[in-house]
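Here is the structure we will look at, set down as structure tokens.
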Amino acid sequence: MRTRIAIAGGGLGGLTLARILQRHGTDAVVYDREASRSARPQGGALDLHPESGQLALAEAGLADRFQSAARPEGEEHRILDPTGRTLVHHVPQPGSFSGRPEIDRSALRDLLLDSLPSDTVRWGHRLVAATVRPDEGWDLTFHDGHRASCDILVGADGARSVVRPVLTDVALSYVATLVELSVEDVDRRHPDLAELVGPGNLWCVGANQILAAQRLGDGSLRVGISLRAPERPLDTYRGKRALLDLFAGWAPRLTALIEAADSPPTRRLIEAMPLGTRWANRPGVTLIGDAAHLMPPVGEGANQAMLDAAELAGRLAGDPGDPNAAIRGYEESMFTRIHPIAEMSARVQAMMLSPTAADDIVRFFTRPAEPARAD
């Protein structure tokens, strides 16, 4: 059965795109590789920016529901050095949504899923190939042999996008190693760690490495260890002992975040696309989110994916008679918007894992605001 718009990937970008398209009266089908919406954990919390993620939710008609689920107090963050000395402590205005309130990724995904008709997302459909049709459009092949077709294909399928090679053969590069753990029921079981982290985010910054923790809405902590681009095999970090050895000499109240973890370490390599990546427009297909502009994870990925979705949906709805022109317009605008954001993300990633990271990050967070420009 041929659909007009097929979205590969049911992450935040793909779901936002489907929701806004449907608000404009355009149906779309989302194909997702997971067996169900609850098949796997969705990760930590996100800070949604007013000019991107929050703007996209407003276009989706979900701003009020977002405010009900978000945690503005989660914007609080603390930066410490390896001795436990506080370098930066930012406390947001209580109850204010004017900044970048936090929301658990799982809560945001559920908010978007609940806004869609139940048959919008086709679970258990892992795309393995997309081939152009002789009469325009695309034939889609899934891992179980199931086939479908569409007029317009949007790749919202993340870092390892199956749709991306249709448009570009760009190669990814490794930029960091990330090891994650979790601490459950932290207020009751580890009140000292709950106080250390606070209601938002904690970054303990050393030379070439960071020990971070993030409060989630379910009362748990998500602990993350960031290291420079892979210098050792990932199996090196399979146990707590090896992780604690990385932070020998650090204050015990900081390394207690590792000792308290309930889960075994989850290890992965962080990749990015080259700065300035573009592709030649091709009729009936485009990319959004990490599939289009994979960047280091410094706070922009989800926000830009959702903004991509809002801009693409708006252009398709505004020019229904010429979707290819709409896609061209979206891509040119997206390339221009993303370039400085990707450059900034690369600089921040390098800064955070540098030998002088603590001093550099303090300057970054305490730099004076730029003066307003006179028109």
Side-chain angles (χ1 to χ4, degrees), residues 11-13 42-56 74-80 87-88 90 92 99-105 108 158-159 172-180 197 200-216 222-230 266-277 288-308 334 337-367:
L12 300 179
Q42 294 301 307
L46 305 164
D47 59 327
L48 282 202
H49 305 178
E51 72 282 3
S52 50
Q54 291 187 52
L55 177 62
E75 193 178 350
E76 181 173 343
H77 60 259
R78 309 171 191 209
I79 303 174
L80 278 58
L87 304 176
V88 174
H90 169 72
R100 298 177 172 185
E102 298 264 332
I103 184 170
D104 286 11
R105 184 181 287 266
L108 180 55
L172 306 182
S173 60
Y174 294 125
V175 297
T177 299
L178 177 65
V179 184
E180 294 179 308
V197 176
N201 290 271
L202 169 74
W203 294 296
C204 310
V205 183
N208 307 326
Q209 60 190 62
I210 290 178
L211 173 61
Q214 180 182 61
R215 174 73 72 118
L216 301 186
R222 181 171 177 249
V223 178
I225 296 168
S226 297
L227 308 167
R228 298 182 75 169
T266 300
R267 314 169 305 280
R268 60 191 175 100
L269 296 173
I270 303 300
E271 298 172 296
M273 292 166 64
L275 293 175
T277 296
I288 66 173
D290 286 349
H293 42 68
L294 182 63
M295 295 179 280
V298 296
E300 288 290 351
N303 282 283
Q304 295 304 316
M306 296 171 71
L307 185 56
D308 288 348
M334 180 268 291
R337 165 171 51 87
I338 287 296
H339 189 74
I341 294 171
E343 285 188 323
M344 178 275 297
S345 297
R347 286 198 306 271
V348 171
Q349 175 71 29
M351 173 186 71
M352 293 179 72
L353 294 178
S354 73
T356 58
D359 291 340
D360 295 341
I361 290 175
V362 169
R363 283 194 294 271
F364 180 83
F365 278 100
T366 58
R367 67 193 188 283

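When a residue number appears, it is its place in the shown sequence, counting from 1.
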Would you say Asn303 and Arg100 make side-chain contact, with heavy atoms under 4.5 Å?
no
Heavy-atom nearest pair, Met306 first then Gly53, reads CE-O, 3.8 Å
Quick one: CG on Leu87 to CG on Asp359, what's the gap to the nearest 0.5 Å?
8.0 Å
Which residues pass the ring-ring contact (aromatic ring centres under 6.0 Å, His included) test with His77, sequence neighbours left out?
His90, Trp203, Phe365
Side-chain contact test, heavy atoms from C-beta onward, threshold under 4.5 Å: evaluate it for Ile79 versus Val205 and give yes or no.
yes
Hits for side chain to side chain donor-acceptor pair (under 3.5 Å) against Glu76, two or more places apart or cross-chain, chain-then-number order -> Arg78, His89
Side chains of Arg268 and Glu180: closer than 4.5 Å at any heavy-atom pair?
yes
Separation of Leu46 CG from Gln214 CD (nearest 0.5 Å):
7.5 Å
Starting at NE2 of His293, measure out to CD1 of Ile288 and round the result to the nearest 0.5 Å.
8.0 Å
Over all heavy atoms of both residues, which pair between Ala272 and Val175 is shortest? Give the atoms and the distance, please.
CB-CG1, 3.9 Å
Within the 4.5 Å heavy-atom criterion, are Met273 and Leu172 side-chain neighbours or not?
yes
Heavy-atom pair of closest approach, residues Ile270 and Pro297
CG2-CD, 3.4 Å
Minimal heavy-atom distance between Glu75 and Pro101, with the atoms involved, is OE1-N, 4.2 Å
Taken to the nearest 0.5 Å, the spacing of Arg215 CZ from Leu202 CG works out to 11.5 Å
Out of curiosity, Asp47 CG to Ile103 CD1, how far, rounded to the nearest 0.5 Å?
11.5 Å
Interatomic spacing from CE in Met295 to CD1 in Ile338 - rounded to 0.5 Å
4.5 Å
Expected list for residues 344-358: side-chain donor-acceptor pairs under 3.5 angstrom, two or more places apart:
| unit_1 | atom_1 | unit_2 | atom_2 | d |
| --- | --- | --- | --- | --- |
| Ser345 | OG | Ile341 | O | 2.9 |
| Ser354 | OG | Met351 | O | 3.0 |
| Ser354 | OG | Thr356 | N | 3.4 |
| Ser354 | OG | Ala357 | N | 3.2 |
| Thr356 | OG1 | Asp360 | OD2 | 2.8 |

Listed partners of Gln209 passing side chain to side chain donor-acceptor pair (under 3.5 Å), at least two apart
none
Side chains of Ser52 and Gln304, heavy atoms from C-beta outward: is any pair under 4.5 Å?
yes
Tell me, do Leu108 and Leu48 make a side-chain contact under 4.5 Å, heavy atoms counted?
yes
To check you understand the geometry: which heavy-atom pair defines the closest contact between Leu178 and Ser226, and what is its length?
CD1-OG, 3.8 Å
Salt bridge (charged side-chain N to carboxylate O under 4.0 Å, His left out): which pairs involve residues 295-308, sequence neighbours left out?
Asp308-Arg337
Among residues at least two apart in sequence or on other chains, which ones pass side chain to side chain contact (heavy atoms under 4.5 Å, CB included) with Asp104?
Ala45, Arg71, Ser106, Ala107, Leu216
